[in-house]
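These notes are about the structure you will find just below.
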Amino acid sequence: MKFRNISDLSDEDLKETPFEFLIMKLNDICMVSLNRKLKELDITINQVNFLIVINTEESLPQSYISGLLNIHGGSVTKALKRLEAKKLVEISKNPKNKSKNIVKITDKGRKLTKEVIYVIENIENEIFDGYDIEEKEKLKIMLRDLSKKYYDL
């Protein structure tokens, strides 16, 4: 089987293609496409992941963000410092434990998060054009269930 792009696979080729390969390639394509759209907003998909998590609460411990995104150590600190430099989050010491940080989203961060979600929703609407709502929801449920199984491996 020879191809340059996942979209070049025939239905017959798909039968022989490992599921994991399809998921990895789809993820790559999604990341490149989304990062291209987000470049206009001066933010990356990795930074968006942080903002979306932080936007769910008034403030969150840095360790909670780290655990939720499954990113550890200095990588989280660097990512949050970049967001802080853009004035999208504020990082402060936890008053109960000075060795820990608390992260809050700023008004600018909330506004940008809304813009990003709008971009993502538009992309999703375009991608799922031609599919009905039930098909879309069924795929989301299947992906969630598969992720649980992979997580348990």
Side-chain angles (χ1 to χ4, degrees), residues 1-57 59-89 91 101 103-106 108-153:
M1 167 176 46
K2 186 175 180 181
F3 60 92
R4 296 178 53 91
N5 190 314
I6 192 172
S7 60
D8 294 336
L9 292 174
S10 68
D11 289 352
E12 198 58 39
D13 288 337
L14 280 174
K15 292 177 185 175
E16 299 174 19
T17 304
F19 175 77
E20 289 79 3
F21 175 79
L22 294 172
I23 292 295
M24 287 187 299
K25 293 308 293 177
L26 179 60
N27 181 62
D28 292 345
I29 294 165
C30 288
M31 294 289 281
V32 168
S33 176
L34 187 53
N35 269 325
R36 195 177 314 125
K37 299 269 188 189
L38 294 175
K39 192 172 188 175
E40 299 167 15
L41 299 175
D42 189 33
I43 193 160
T44 67
I45 187 63
N46 292 329
Q47 292 171 335
V48 166
N49 286 336
F50 279 88
L51 283 182
I52 288 174
V53 167
I54 297 164
N55 194 45
T56 62
E57 299 288 336
S59 65
L60 289 171
Q62 183 172 325
S63 58
Y64 178 81
I65 297 165
S66 173
L68 196 59
L69 293 175
N70 200 25
I71 304 172
H72 302 286
S75 298
V76 173
T77 302
K78 285 179 188 177
L80 290 173
K81 290 287 184 193
R82 285 188 193 109
L83 292 172
E84 187 178 43
K86 292 181 176 187
K87 301 195 182 327
L88 301 173
V89 300
I91 304 169
N101 288 333
V103 183
K104 293 181 179 184
I105 194 162
T106 63
K108 181 179 178 183
R110 283 192 200 288
K111 182 178 183 249
L112 182 60
T113 302
K114 286 180 183 177
E115 290 177 48
V116 166
I117 290 170
Y118 179 76
V119 167
I120 292 170
E121 287 172 347
N122 283 337
I123 291 171
E124 188 174 307
N125 289 338
E126 190 174 325
I127 295 300
F128 281 99
D129 185 42
Y131 295 92
D132 62 39
I133 293 170
E134 290 80 22
E135 289 174 309
K136 178 181 171 182
E137 293 308 312
K138 186 174 182 179
L139 177 59
K140 285 182 174 183
I141 290 167
M142 288 174 64
L143 290 171
R144 181 209 53 211
D145 292 348
L146 288 169
S147 72
K148 286 180 184 178
K149 290 180 179 186
Y150 272 104
Y151 187 78
D152 290 341
L153 286 178

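Any value given below was found using the heavy atoms of this structure, including those in side chains, with hydrogens, waters and symmetry copies removed.
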N/O donor-acceptor pairs under 3.5 Å from side chains in residues 146-153, not counting sequence neighbours:
residue, atom, partner, partner atom, Å
Ser147, OG, Arg144, O, 2.7
Tyr150, OH, Glu20, OE2, 2.3

Going by the rule side-chain hydrogen bond (donor to acceptor under 3.5 Å, both in side chains), which residues pair with Glu124 if we only count those two or more places apart in sequence or in a different chain? Lys136, Lys140

Can you sort out the partners of Lys138 under salt bridge (charged side-chain N to carboxylate O under 4.0 Å, His left out), two or more places apart, ordered by chain and number? none

Just jot down the salt bridge (charged side-chain N to carboxylate O under 4.0 Å, His left out) partners of Lys15, sequence neighbours excluded, or say none. Glu12

For Glu121, all residues meeting salt bridge (charged side-chain N to carboxylate O under 4.0 Å, His left out), sequence neighbours excluded: none

Under 3.5 Å donor-acceptor, Glu16 side chain and Asp13 backbone: no

Of Val89, Thr56, Val116, which meets side chain to side chain contact (heavy atoms under 4.5 Å, CB included) against Leu51? Val89

Under the salt bridge (charged side-chain N to carboxylate O under 4.0 Å, His left out) rule, collect the residues that match up with Lys81, sequence neighbours excluded. Glu84

Would you find a donor on one side and an acceptor on the other, under 3.5 Å apart, between the side chain of Thr113 and the backbone of Gly109? yes

Could you pull out all residues at least two apart from Arg110 that satisfy side-chain hydrogen bond (donor to acceptor under 3.5 Å, both in side chains)? Asn55

Can you list everything that forms a side chain to side chain contact (heavy atoms under 4.5 Å, CB included) with Leu143? Sequence neighbours excluded, please. Ile23, Leu139

Short question: side chain of Thr106, backbone of Leu88 - any donor-acceptor pair under 3.5 Å? yes

I'd like to know whether NZ of Lys86 has more than 12 heavy-atom contacts from other residues, nucleotides or ligands below 6.0 angstrom. yes

Going by the salt bridge (Lys or Arg N to Asp or Glu O under 4.0 Å) test, which pairs reach into residues 29-39, not counting sequence neighbours? none

With sequence neighbours excluded, what pairs up with Ser33 under the side-chain hydrogen bond (donor to acceptor under 3.5 Å, both in side chains) test? none

Could I get the full list of side-chain hydrogen bond (donor to acceptor under 3.5 Å, both in side chains) partners for Lys78, not counting sequence neighbours? none

Partners passing side chain to side chain contact (heavy atoms under 4.5 Å, CB included) against Lys87 (at least two apart in sequence or in another chain): Lys108

